[in-house]
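Letters A, B, ... mirror the listed sequences (proteins, then strands); counts begin at 1. Hydrogens, waters and symmetry mates are skipped; everything else that's a heavy atom, side chains included, is used.
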There are 2 protein chains.
Amino acid sequence: MSVNIDVTAFMLNCSEAEAAQPSLSVIRAWVRLMRAQQLVLGAIEQDLKAADLPPLGWYDVLLELSRVEGGRLRPYEIEERTLLAQHNLSRLLDRMEKAGLVQREVFSEDGRGRWVVITENGRAMQARIWNVYAAAIQRHLGNKLNNGQADQLAELLAVLSQKSYRPCQKSADI
Amino acid sequence: MSVNIDVTAFMLNCSEAEAAQPSLSVIRAWVRLMRAQQLVLGAIEQDLKAADLPPLGWYDVLLELSRVEGGRLRPYEIEERTLLAQHNLSRLLDRMEKAGLVQREVFSEDGRGRWVVITENGRAMQARIWNVYAAAIQRHLGNKLNNGQADQLAELLAVLSQKSYRPCQKSADI
DNA sequence: CGATTATAGATGCACTTGCATCTATAAGGA
DNA sequence: TCCTTATAGATGCAAGTGCATCTATAATCG
């Protein structure tokens, strides 16, 4: 998915007349966000695959588990920390369990819940992945940005992840 | 996929000893790039879905077609412009053709090739999507960044999309 | 020319994702 | 308590994706 944009267009949406047309600057930022993310992610995933390692999603789960005490979390906790959808995580855990990287255990305080526990193999895999992953990050980002630029970029991107306080709805004025 | 990172780790990869560990700044930038892109893309796709419109990939194709003279491109040209993989594009075109938004025609100069032509319905759809898409961009980015910030962000992201001249290989010094 | 190699695009298959739904357990309220 | 509602997690099915491969045509080179 690429995302170019026809900047010579118009708009009107979200109930009725509402937000203004995004500025050219904003549109350009969006397109480049998509492109850069896609390219860099693709490159990094390639590096992982080339090293016969599983995709990044696995790393996310392993990392979350490995960094908490006891190496165990409830699925919904992993969900929150990784932004993985519930049903996707459920099946990702299936695969990881089959691969021997995690184990599901009963959670006695709540019959609905489960523990997900990282195994020794899981910890080893987390470390193995990080070797390759770190190198890939350095190669595909670190070699292109100095620390000042990276900080600046992180700063700007952080703004985008914040919840907006301008939701899409008729303005509350009556 | 979320992408957190254990910053207290080490590395070594890409043939032999090579790139240094990415700096904390770089790692943070990467994590935020992933997060921001995922959140904003997800939000925008939600808006499209809520308006009963197809996903962004369709828009990319429609836009590329609608902006060239004659409204026709070869599949490989669309591929280049959108970063869609060949086999994915092939099947996306199947769906779009079935939906009456594009049509495939023979390309007489080269028996292997095909034309992809946008239909009137396709053009109408492109415009309809843009209505919603533009509003979504404004909502999820424009409301959070001023133009100066957007320009700055676009600038930094552009650097990431450039081909690196530090490929992963033993340095060429002998 | 004929054989090899390259390119455009399609397709079979396995895997992943999204969506809705389902089961089981827990919590809250009459 | 019983009944309703909410939450944790799993799962069936449809759709999308990656990967390898296939077909057809074109280009290149002996």
query = By salt bridge (charged side-chain N to carboxylate O under 4.0 Å, His left out), which residues pair with A:Glu80, not counting sequence neighbours?
reply = none

remark   = Testing C:dG9, D:dA20, C:dA20 for proximity to the side chain of B:His87, the answer is D:dA20

message = Pick the closest DNA chain C nucleotide for B:Arg104 and for A:Glu109 by heavy atoms, then say which residue is nearer the 5' end.
response = B:Arg104

ask   = More than 12 foreign heavy atoms under 6.0 Å from CZ of B:Arg74: is that the case here?
value = yes

Would you tabulate the nitrogen or oxygen pairs shorter than 3.5 Å linking the protein to nucleotides 2-6 of chain D?
none

ask   = Given atom CG of B:Leu41 and atom C1' of C:dG18, what is their separation to the nearest angstrom?
value = 14 Å

Integer-rounded Å distance: D:dA26 P and B:Tyr76 OH = 14 Å

Residue list, side chain to side chain donor-acceptor pair (under 3.5 Å) with B:Ser25, at least two apart or on another chain = A:Asp151

query = Can any side-chain N or O of A:Lys144 pair as donor or acceptor with the backbone N or O of B:Leu160 at less than 3.5 Å?
reply = yes

Atom-to-atom span, CG of A:Leu83 to P of C:dT17 - whole angstrom = 14 Å

request  = Could you tell me whether the phosphate oxygens of C:dG18, OP1 or OP2, come under 4.0 Å of any side-chain nitrogen or oxygen in B:Lys49?
outcome  = no

Residue mapping more 5' on DNA chain C - nearest nucleotide basis, B:Pro75 or A:Pro55 = B:Pro75

message = The criterion is side-chain contact (heavy atoms from CB on, under 4.5 Å); which residues satisfy it with A:Ala99, sequence neighbours excluded?
response = A:Trp58, A:Leu101

inquiry  = Does C:dA10 have its OP1 or OP2 closer than 4.0 Å to a side-chain nitrogen or oxygen of B:Arg114?
reply    = yes

ask   = Can you check the A:Glu79 CD to D:dA8 P distance for me, whole Å?
value = 8 Å

query = Between C:dA8, C:dA26, D:dA26, which one does the side chain of B:Asp110 approach most closely?
reply = D:dA26

task = Determine whether any donor atom in the side chain of B:Gln86 lies under 3.5 Å from an acceptor atom in the base of C:dA10, or the reverse, and answer yes or no.
result = yes

query = Counting only non-hydrogen atoms, which of residues 88-103 of chain B are less than 4.0 Å from DNA chain C?
reply = B:Ser90, B:Arg91

task = Grab the CG-C1' distance between B:Leu84 and D:dG18 for me, whole Å please.
result = 13 Å

task = Using ring-ring contact (aromatic ring centres under 6.0 Å, His included) as the criterion, list what pairs up with B:Phe107, not counting sequence neighbours.
result = B:Trp115

Tell me which donor-acceptor pairs under 3.5 Å the side chains of residues 85-97 of chain B have, and how far apart each pair is, sequence neighbours excluded?
{"residue": "B:Asp94", "atom": "OD1", "partner": "B:Arg104", "partner atom": "NH2", "Å": "2.1"}
{"residue": "B:Glu97", "atom": "OE1", "partner": "B:Arg104", "partner atom": "NE", "Å": "3.1"}
{"residue": "B:Glu97", "atom": "OE2", "partner": "B:Arg104", "partner atom": "N", "Å": "3.0"}

task = Just jot down the salt bridge (charged side-chain N to carboxylate O under 4.0 Å, His left out) partners of A:Arg32, sequence neighbours excluded, or say none.
result = none

B:Glu77: salt bridge (charged side-chain N to carboxylate O under 4.0 Å, His left out) partners, not counting sequence neighbours = none

message = Expressed as a whole number of angstroms, how long is the span from A:Arg74:CZ to C:dA26:P?
response = 11 Å

